[in-house]
Every structure is written in structure tokens, then in C-alpha cells.
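Keep in mind that what you see is a predicted model, and the values were worked out from it rather than measured. The first residue of the sequence shown is numbered 1, and numbering continues consecutively from there.
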Amino acid sequence: MKTILAILFISTNLNAQDFGLTDAQLHIGATCAISSVATSYVFNKTNDKKKAMLIGFGTGMTVGVIKELNDRNVENKDMLGNIIGSALGCVVVTIPFE
């Protein structure tokens with residue numbers, strides 16, 4: 001029975017789903033990471049949560065807008081991804097710098 005199951009698992013195609021990321025999802029991930037690092041850094045230096053969140057959001061959006069302008073093809077989906085990623089990064093993720 002084990003041999004039959006082994007042959008069955010080896011012979012089946014396990015690539016049933018394609019998890020390729022779209023460009024907007026990559027924008028969300030990149031701006032989220034940038035925003036969270038900037039927010040955490042500013043918060044550890046100033047201990048002011050509001051200021052840290054504003055600077056973190058602004059940093060993520062600035063990098064996202066510069067990237068879009070560099071592409072010379074500004075897409076609404078990518079800009080929405082920048083907004084979502086920057087907002088999530090400055091609100092959700094906290095990186096301890098000690």
C-alpha cells in the first residue's frame with residue numbers, strides 16, 4: 001500500500017495553483033516594509049506615535065510615487081497598492097530597534 005501511495009504522489013502534478021504575485025501586490029509588500037521600518041525608527045527616536053505614523057506613511061508613499069514616476073507608466077492599481085501598503089506598514093507592523 002505504501003508503494004502504491006508513493007507512486008501516486010510522485011506521478012501527480014502538485015503545481016495546481018499559481019501563486020505569482022501581481023505588480024500591485026508587490027507594491028503593497030514593498031511600501032509596507034518601508035513604512036514599517038520608518039515608523040518604528042522614528043517612534044524609537046522621538047517616542048511620538050502620531051509623528052512616527054505620519055513620517056512612516058509619508059516615507060512609504062514617497063518611495064512608491066518615485067518608483068511609479070520612474071516607470072513612466074502610472075497605474076491606479078499600483079498607486080492604490082502604495083496607499084494600502086504604506087497605511088498597513090505604519091499601523092500594523094512594529095519593529096523593535098534596541
Side-chain angles (χ1 to χ4, degrees):
M1 186 67 178
K2 290 181 183 179
T3 306
I4 294 172
L5 286 175
I7 292 171
L8 177 67
F9 286 134
I10 290 172
S11 64
T12 58
N13 184 5
L14 298 177
N15 295 328
Q17 294 179 349
D18 180 24
F19 291 110
L21 298 175
T22 65
D23 194 35
Q25 290 170 331
L26 293 172
H27 278 268
I28 291 171
T31 55
C32 183
I34 292 166
S35 178
S36 64
V37 168
T39 301
S40 297
Y41 180 78
V42 171
F43 181 70
N44 284 335
K45 292 292 181 184
T46 65
N47 210 17
D48 184 1
K49 186 181 270 188
K50 191 174 195 177
K51 181 178 182 179
M53 289 175 66
L54 287 173
I55 291 175
F57 182 81
T59 304
M61 283 303 298
T62 301
V63 172
V65 168
I66 289 172
K67 194 266 182 203
E68 280 301 303
L69 293 176
N70 192 32
D71 285 347
R72 294 179 175 42
N73 186 17
V74 179
E75 295 181 15
N76 291 336
K77 290 180 183 177
D78 293 343
M79 289 307 296
L80 181 62
N82 291 333
I83 293 168
I84 292 170
S86 295
L88 286 176
C90 73
V91 173
V92 175
V93 181
T94 302
I95 301 169
F97 290 110
E98 294 180 11

> Mind checking who shares a hydrophobic cluster with Ile34, ILVMFWY linked at side-chain heavy-atom distances under 4.5 Å?
Replying inline: Val63
> Linking I/L/V/M/F/W/Y whenever any side-chain heavy atoms sit under 4.5 Å apart, do Ile83 and Met53 land together?
Replying inline: no
>> Show every salt bridge (charged side-chain N to carboxylate O under 4.0 Å, His left out) that has at least one partner inside residues 83-94, sequence neighbours left out.
In response: none
Please list, one pair per line, the donor and acceptor atoms closer than 3.5 Å that link side chains of residues 55-62 to other protein atoms, with sequence neighbours excluded.
from: Thr59; atom 1: OG1; to: Ile55; atom 2: O; distance (Å): 2.7
from: Thr62; atom 1: OG1; to: Gly58; atom 2: O; distance (Å): 2.6

> Under a 4.5 Å side-chain heavy-atom rule over Ile, Leu, Val, Met, Phe, Trp and Tyr, are Tyr41 and Phe43 clustered together?
Replying inline: no
> Who are the side-chain hydrogen bond (donor to acceptor under 3.5 Å, both in side chains) partners of Asp48, not counting sequence neighbours?
Replying inline: none
>> Test: salt bridge (charged side-chain N to carboxylate O under 4.0 Å, His left out). Region: residues 62-71. Which pairs qualify, not counting sequence neighbours?
In response: Lys67-Asp71
With a 3.5 Å cut-off and sequence neighbours excluded, list the donor-acceptor pairs that the side chains of residues 72-80 form with protein atoms.
from: Asn73; atom 1: ND2; to: Glu75; atom 2: OE2; distance (Å): 3.4

>> Within this structure, what is the CG-OG distance for the pair Asn82 and Ser35, rounded to the nearest 0.5 Å?
In response: 11.0 Å
> Is Ser40 reaching over with its side chain to a backbone N or O of Val37, donor-acceptor style, under 3.5 angstrom?
Replying inline: no
